[in-house]
Amino acid sequence: MPRLSFGKLTNHPLLFGTALLTATGLASRIIGFFYRIFLSHTIGAQGMGIYQLIFPVFALGIAFCSAGIQTSISKYTAQAVGSGKRPQVYLYAGMILSLSLSFICYSVIHLGSDYIANTFLDEPRCASLLRILAIALPLASIHSCINGYYYGLQKTAVPSISQLVEQVCRVLSVFVIYQIYVSQGRTVTAEIAVWGIVCGELSGALFSLTFVRFYKGSTHLLQALRRIFAFSIPLTANRVLVNFVTSVEALLIPICLKSYGYANEDALSLFGILTGMAMPMILFPSVLTNSVSVMLLPSISQAKAQKNQALIHRTIRRTIASCLVLGFASTLFFLLTYSLIGQYLFANTLAGLYIRTLSFICPFMFLSTTLNSILHGLGHPTITLLLNLGGCLIRIAFIWCFVPLYGIRAYLYGMLASQVAVALCAVSALNRVKEI
């Protein structure tokens, strides 16, 4: 059997990029894993619940400011490289758009933090966290645009290492702030974790900026702005709509748990255990599929530009097979170890039980993530919008209809149903795409 040497691997952008992103992503996940354990013991389950409540707002801001723009930069950079043109202009255009939007989001969240916390999150203690979190948005936009540019070049060293730098700086900064709080006799709250996000985004943005070569002036900037803007509209609408619905989903969980009979503190604790302990554990193996997804978009875009249908077919077949193997292996692992994970890592039996139920979503979640990236590369972001939105609506239906009757377990089954539906519809959509 022929061996794949390191030299051959580095000459294959998809394989090498995926391997590098996976290695650094795995290191980042391991650090984040122990970081979550540290937070669970430091701020407690209720603190984790309050901390997790602000993430839908942050995700919505990121979706509006940079998520669609990053994908657009990656796509047009790859196409420019494939046609022998200079791609820097797409980075400039994307950063102009993203930073402009990020400062608007910063102002809205910072000035409206009390209103958002009281009206939408139904938790006044989130207001101070939102004001801190808003600082991270412009920094995250810079980081995201540069990552998209390097993904389009199929050079993953800068994005992957910056991800690791961001995670390390986040954890170290939180540990330092924690030590300061303890030495001063101050109460440790979720604020330390939010300051960690800001420090992490700052380090990631500064690290990425040091590798970008900016050129004076650039031709066709206005044309690049129009292209980035036009292609990012459905992508941004996708992310914003999905994140908005996901935000509604996250806010409904504590509300419906209280309807089931839990007190406010208990509902927040359950929410913290689910979103701050169980879900990060389930998402741990997805570091590989996320890496594949990032590299698939420019590869598929370039293959489409070159009209290489054979490569597209082969990539899709291998992607589906690999995701299913990884997914079922992950399910088996969690079914065998859920009790140990809950008891010895999080010191929480409920976390282990949630992991056991959620383990069945792994094959479908990994599959839908990579197939959505392929659909983006083929120029069909609207299909992924409908698929993701449909999955969110299924989960909301389970929350609204069944959680008040059957508790948190109904939401877990809703997650499984939504992932199965999205994965099967993504496979069907790829079969129907005319370009395939």
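Every value quoted in this text rests on a predicted model; they were computed, and no experiment measured them.
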(request) Report yes or no: does D266 contribute a side-chain atom to a donor-acceptor pair with the main-chain N or O of Y262 at less than 3.5 Å? (result) no

(request) Could you check if a side-chain atom of T187 sits within less than 4.5 angstrom of a side-chain atom of T189, using non-hydrogen atoms only? (result) yes

(message) As an exercise, state the distance from CD1 of I177 to CD of Q179, rounded to the nearest 0.5 Å.
(response) 11.5 Å

(message) Is it true that R170 and Y35 share a donor-acceptor pair across their side chains at a distance under 3.5 Å?
(response) no

(message) Looking at every non-hydrogen atom in both residues, tell me the closest pair between A93 and I228 and how far apart they are.
(response) CB-CG1, 4.2 Å

(request) Could you please spell out the steps behind the side-chain contact (heavy atoms from CB on, under 4.5 Å) verdict for T71 and S232? (result) CA-CA 8 Å; T71 305; S232 66; over 6 Å; no

(request) Could you tell me if the ring centre of F55 sits under 6.0 Å from that of Y51? (result) yes

(request) Only one of L53, L251, I408 passes side-chain contact (heavy atoms from CB on, under 4.5 Å) with F271; say which it is. (result) L53

(request) Rounded to the nearest 0.5 Å, what's the gap from CZ on F175 to CD1 on I180? Could you check? (result) 11.0 Å

(request) Using atom types as modelled and distance alone, determine if a side-chain donor or acceptor of S269 lies under 3.5 Å from a backbone N or O of E265. (result) yes

(request) Would you check if the side chain of T77 reaches a backbone N or O of S74 as a donor-acceptor pair within less than 3.5 Å? (result) no

(request) Decide yes or no for L137 and F58: does some side-chain heavy atom of the first lie under 4.5 Å from some side-chain heavy atom of the second? (result) yes

(message) Using every non-hydrogen atom in the two residues, find where A429 and I383 come nearest and quote the distance to one decimal.
(response) CB-CG2, 3.7 Å

(request) Indicate yes or no: at least one non-hydrogen side-chain atom of M48 is less than 4.5 angstrom from one of L268. (result) no

(request) Give the ring-plane orientation class for Y76 versus Y90, where under 30° counts as parallel, over 60° as perpendicular and anything between as tilted. (result) parallel

(message) Using the rule given for side-chain contact (heavy atoms from CB on, under 4.5 Å), can you reason through L371 versus I320, listing the C-alpha separation, both sets of side-chain angles and the distance that settles it, and then say yes or no?
(response) CA-CA 8 Å; L371 294 185; I320 292 175; 3.9 Å; yes

(message) If I take atom CG from residue L202 and atom CD1 from residue I142, how far apart are they, to the nearest 0.5 angstrom?
(response) 9.5 Å

(message) I need the minimum non-hydrogen distance between S141 and S102, along with the two atoms involved.
(response) OG-CB, 3.3 Å

(message) Centroid separation under 6.0 Å, is that true for the rings of Y338 and Y354?
(response) no

(request) Step through it carefully: locate the ring centre of F360, locate the ring centre of F334, and say whether they are under 6.0 Å apart. (result) no

(request) Evaluate the side-chain proximity of L101 to I69: yes if any heavy-atom separation is below 4.5 Å, no if none is. (result) yes

(request) Could you walk me through whether C362 and I282 pass the side-chain contact (heavy atoms from CB on, under 4.5 Å) test, one step at a time? (result) CA-CA 7 Å; C362 289; I282 291 294; 4.1 Å; yes

(message) Measuring only between side-chain heavy atoms, which start at C-beta, is C199 closer than 4.5 Å to C169?
(response) no

(request) Please name the pair of heavy atoms, one in C145 and one in G94, separated by the smallest distance, quoted to 0.1 Å. (result) SG-O, 3.7 Å

(request) First locate atom CE of M279, then atom CG of L412, and finally report the distance between them rounded to the nearest 0.5 Å. (result) 9.5 Å

(message) Can you confirm whether R36 sits close enough to M277 that some side-chain heavy atom of one is under 4.5 Å from a side-chain heavy atom of the other?
(response) no

(message) If we ignore hydrogens and angles and just use 3.5 Å, is the side chain of S98 paired with the main-chain N or O of M95 as donor and acceptor?
(response) no

(request) Examine distances only and state if a side-chain atom of S208 and a backbone atom of A205 form a donor-acceptor pair shorter than 3.5 Å. (result) no

(request) Check for a donor-acceptor pair, side chain of T210 on one end and backbone N or O of F207 on the other, with a separation under 3.5 Å. (result) yes

(request) May I ask you to decide if S359's main-chain N or O and T331's side chain share a donor-acceptor pair within less than 3.5 Å? (result) yes

(message) Check this for me: F120, atom CZ, are more than 12 non-hydrogen atoms of other residues, nucleotides or ligands nearer than 6.0 Å?
(response) no

(request) Decide yes or no for I253 and V403: does some side-chain heavy atom of the first lie under 4.5 Å from some side-chain heavy atom of the second? (result) no

(request) List the atom of C323, the atom of T370, and the distance in Å for their closest heavy-atom pair. (result) SG-OG1, 3.2 Å

(request) Answer yes if the side chains of S144 and Q70 hold a donor-acceptor pair under 3.5 Å, and no otherwise. (result) yes

(message) I'd like to know if the side chain of T119 and the backbone of I116 have a donor-acceptor N/O pair within less than 3.5 Å.
(response) no

(request) Give, for atom CG of L358 and atom CG of L416, the distance between the pair rounded to the nearest 0.5 Å. (result) 9.0 Å

(message) How long is the straight-line distance from CD of E166 back to CD1 of I31, given to the nearest 0.5 Å?
(response) 11.5 Å

(request) Taking the side chain as every heavy atom from C-beta outward, state whether Y178 and T42 have any pair of such atoms under 4.5 Å apart. (result) yes

(request) Test Y181 against E191 for side-chain contact (heavy atoms from CB on, under 4.5 Å), laying out the working first. (result) CA-CA 11 Å; Y181 271 47; E191 282 191 4; 3.9 Å; yes

(request) Taking atom types as modelled, find out whether Y411 and E249 have a side-chain donor-acceptor pair closer than 3.5 angstrom. (result) yes

(request) Of all the heavy-atom pairs spanning T236 and A63, show the shortest one and how long it is. (result) CG2-O, 3.6 Å

(request) Could you tell me whether the side chain of S428 and the main chain of L424 form a donor-acceptor pair under 3.5 Å? (result) no

